[in-house]
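Note that the structure is predicted; figures quoted are calculated from it, not measured.
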Amino acid sequence: LYMITSQGLSSSDLSIGTFCHESGHMLCRFPDLYDYGKRDGDFERSAGMGVYCLMSAGNHLNSGRTPAPVCGYLRYLAGWCPNEISLNTPGSYTAVHGDYGTVLIYDTVYENEYFLIENRSGIGLDQGLPSAGLAIYHCDIWGSNEWQGGSADSHYQCGLLQADGHFDLEHGLNVGDATDLFAIVEGEVLSDATTPSTRLWDGSDSGLRIADISAPGEAISFNVV
């Protein structure tokens with residue numbers, strides 16, 4: 001096996017983003033989490049995970065010089081998270097930035113479908129992100145990031161629940177903006193009745209309810225209620 005990849009448009013660029021992205025395919029068999037607009041019977045372009053994952057548009061952060069890390073969903077699939085914290089019991093939890101060996105997971109009634117929570121504050125490898133705070137991913141290993149429809153039969157493999165409720169990534173309006181992540185919110189933040197919601201792809205209530213999210217930083221606290 002071999003791989004040929006660029007490190008920028010000129011010899012002065014020395015960007016590593018594309019190299020890291022393609023190495024994710026080569027070494028880990030990671031899928032692309034962005035939308036080609038022509039695979040899997042879908043011809044409408046969307047942004048997938050945008051800049052929030054190396055395997056989406058995150059390889060382009062800072063002109064490719066400081067790409068985004070592999071998101072928690074792919075790290076979990078790869079078995080890189082030996083410390084698994086269940087969110088299925090109500091209580092107070094803390095997401096620590098850069099703790100790439102830990103996964104915060106809410107299991108649903110379906111083995112293939114679950115929610116992950118990750119601290120994506122604008123520090124360290126996340127310094128180039130347009131937003132800072134708590135990232136909440138709706139995951140389904142049977143989905144595809146070609147499928148932005150959000151229906152029971154057509155939905156993302158890993159989608160970011162965007163705090164502003166605008167679904168810009170699904171609509172392909174941008175690859176990330178300042179209001180995507182959750183930060184400093186009192187009271188209930190997410191449930192089956194909010195936009196975005198924590199409903200399952202079949203429309204039923206997953207039971208996940210999140211409240212009282214603290215400010216971005218090395219540690220973000222939140223409650224599962």
Legend entry - Atom CZ of Phe19: over 12 foreign heavy atoms under 6.0 Å: no

Legend entry - His25 side-chain N/O to Phe30 backbone N/O, donor-acceptor pair under 3.5 Å: yes

Inset, instruction - Would you mind reporting whether Leu161 and Phe115 have side-chain heavy atoms less than 4.5 Å apart? - result: yes

Inset, instruction - Spell out, as yes or no, whether a donor-acceptor pair under 3.5 Å connects the side chain of Arg120 to the backbone of Tyr52. - result: yes

Legend entry - N/O donor-acceptor pair under 3.5 Å between Tyr73 side chain and Tyr137 backbone: no

Inset, instruction - Indicate whether the side chain of His171 and that of Gln148 have a donor and an acceptor atom separated by less than 3.5 Å. - result: no

Legend entry - Check: His21 side chain, Leu54 main-chain N or O, donor-acceptor pair, under 3.5 Å: yes

Inset, instruction - Answer yes or no: is there a side-chain heavy-atom contact under 4.5 Å between Met49 and Val175? - result: no

Legend entry - Least distance between heavy atoms, Thr194 atom then Val189 atom: CG2-O, 3.7 Å

Legend entry - Tyr34 vs Asn145 side-chain heavy atoms within contact, under 4.5 Å: no

Inset, instruction - Hey, could you give me the CG/SG distance between Asp99 and Cys81, rounded to the nearest 0.5 Å? - result: 8.5 Å

Legend entry - Nearest non-hydrogen partners of Tyr106 and Leu208, listed with the distance: OH-N, 3.4 Å

Legend entry - Hphob cluster co-occupancy, Val103 + Ile141, side-chain heavy atoms under 4.5 angstrom: yes

Inset, instruction - Establish, from distance only, whether the side-chain atoms of Ser121 and Asn119 form a donor-acceptor pair under 3.5 Å. - result: yes

Legend entry - Backbone N/O of Gly149 and side chain of Glu170: donor-acceptor pair under 3.5 Å: no

Legend entry - Same cluster (ILVMFWY, side-chain, under 4.5 Å), Ile117 and Tyr93: yes

Inset, instruction - Please report the shortest heavy-atom distance between Ser63 and Ser15, naming the atom on each side. - result: O-CB, 3.3 Å

Inset, instruction - Quick one: pull up CG in Leu116 and NE2 in His138 and give me the separation to the nearest 0.5 Å. - result: 10.5 Å

Legend entry - Side-chain heavy-atom pair Asp168, Gln162 within 4.5 angstrom cut-off: yes

Inset, instruction - Might you confirm whether atom CD of Glu188 has over 12 heavy atoms from other residues, nucleotides or ligands at distances under 6.0 Å? - result: yes

Inset, instruction - Could you tell me whether a side-chain N or O of Asp180 sits under 3.5 Å from a main-chain N or O of Asp177, the two making a donor and an acceptor? - result: yes

Inset, instruction - List for me each residue that meets ring pair (Phe, Tyr, Trp, His ring centres under 6.0 Å) alongside Phe182, sequence neighbours excluded, and say none if there are none. - result: none

Inset, instruction - Would you check if there is a donor-acceptor pair between the side chains of Asp140 and Asn112 at a distance under 3.5 Å? - result: yes

Inset, instruction - Go through Leu74 and Met55 one step at a time and tell me if the side chain to side chain contact (heavy atoms under 4.5 Å, CB included) criterion holds. - result: CA-CA 9 Å; Leu74 292 180; Met55 302 310 295; 3.4 Å; yes

Legend entry - Any side-chain donor near an acceptor of the partner, Tyr156 and Ser46, under 3.5 Å: yes

Legend entry - Identified side-chain contact (heavy atoms from CB on, under 4.5 Å) partner of Leu134 from the options Ile213, Leu181, Leu104: Ile213

Inset, instruction - Would you please indicate yes or no on a ring centroid separation below 6.0 angstrom for Trp147 and His155? - result: no

Legend entry - Approximate separation, where rounding is to 0.5 Å, of Ile136 CD1 and Leu190 CG: 4.5 Å

Inset, instruction - Nearest 0.5 Å please: distance from the CG atom of Leu129 over to the OG1 atom of Thr66. - result: 9.5 Å

Legend entry - Any Cys71 side-chain heavy atom under 4.5 Å of Leu33 side chain: yes

Show me the side-chain donor-acceptor pairs of residues 217-225 shorter than 3.5 Å, one per line, residues at least two apart or across chains.
| from | atom 1 | to | atom 2 | distance (Å) |
| --- | --- | --- | --- | --- |
| Ser221 | OG | Ser214 | OG | 3.3 |
| Asn223 | OD1 | Ser92 | OG | 2.7 |
| Asn223 | ND2 | Asp212 | OD2 | 3.1 |

Inset, instruction - Kindly say whether Leu200 contributes a backbone atom to a donor-acceptor pair with the side chain of Ser206 at under 3.5 angstrom? - result: no

Legend entry - Trace of the side chain to side chain contact (heavy atoms under 4.5 Å, CB included) decision for Ser154 with Ser151: CA-CA 5 Å; Ser154 177; Ser151 66; 3.4 Å; yes

Inset, instruction - Check whether any side-chain heavy atom of Glu118 sits under 4.5 Å from a side-chain heavy atom of Arg75, and report yes or no. - result: yes

Inset, instruction - Establish whether Val109 and Leu87 are linked, either directly or via other cluster members, by ILVMFWY side-chain heavy-atom contacts under 4.5 Å. - result: yes

Legend entry - Flag side-chain contact, heavy atom, 4.5 Å: Tyr100 against Val70: no

Legend entry - Donor + acceptor pair across side chains of Glu146, Gln157 (<3.5 Å): no

Legend entry - Check: Tyr36 main-chain N/O paired with Arg45 side-chain donor or acceptor under 3.5 Å: yes

Inset, instruction - Identify the two heavy atoms, one from Gly203 and one from Arg199, that lie closest to each other, and give their separation to 0.1 Å. - result: O-CD, 3.4 Å

Legend entry - Pair Asp192 + Arg209, salt bridge at N-O below 4.0 Å: yes

Inset, instruction - Please tell me if the side chains of Val51 and His60 come closer than 4.5 Å, counting only heavy atoms from C-beta onward. - result: no

Inset, instruction - Would you give the length of the straight line joining atom OG of Ser144 to atom CG of Asp35, rounded to the nearest 0.5 angstrom? - result: 7.5 Å

Legend entry - Residues that, via side-chain heavy atoms closer than 4.5 angstrom, fall in one hydrophobic cluster with Ile184: none

Inset, instruction - Answer with yes or no after comparing the ring centroid distance for Tyr76 and Tyr114 against a 6.0 Å cut-off, counting only values under it. - result: yes

Legend entry - From Leu160 atom CG to Leu169 atom CG, the distance as rounded to the nearest 0.5 Å: 6.0 Å

Inset, instruction - Indicate, with yes or no, if Tyr110 and Trp201 share a hydrophobic cluster defined by side-chain heavy-atom contacts under 4.5 Å among Ile, Leu, Val, Met, Phe, Trp and Tyr. - result: no

Legend entry - Ser86 side-chain N/O to Asn88 backbone N/O, donor-acceptor pair under 3.5 Å: yes

Legend entry - Verify same cluster id: Leu173, Phe167 (apolar side-chain graph, 4.5 Å): no

Legend entry - Heavy-atom pair with the smallest gap, counting every atom of His97 and Asp126: NE2-OD2, 2.9 Å

Inset, instruction - Check for a donor-acceptor pair, side chain of Asn83 on one end and backbone N or O of Thr102 on the other, with a separation under 3.5 Å. - result: no

Legend entry - Least distance between heavy atoms, Pro196 atom then Gly165 atom: CD-CA, 3.8 Å

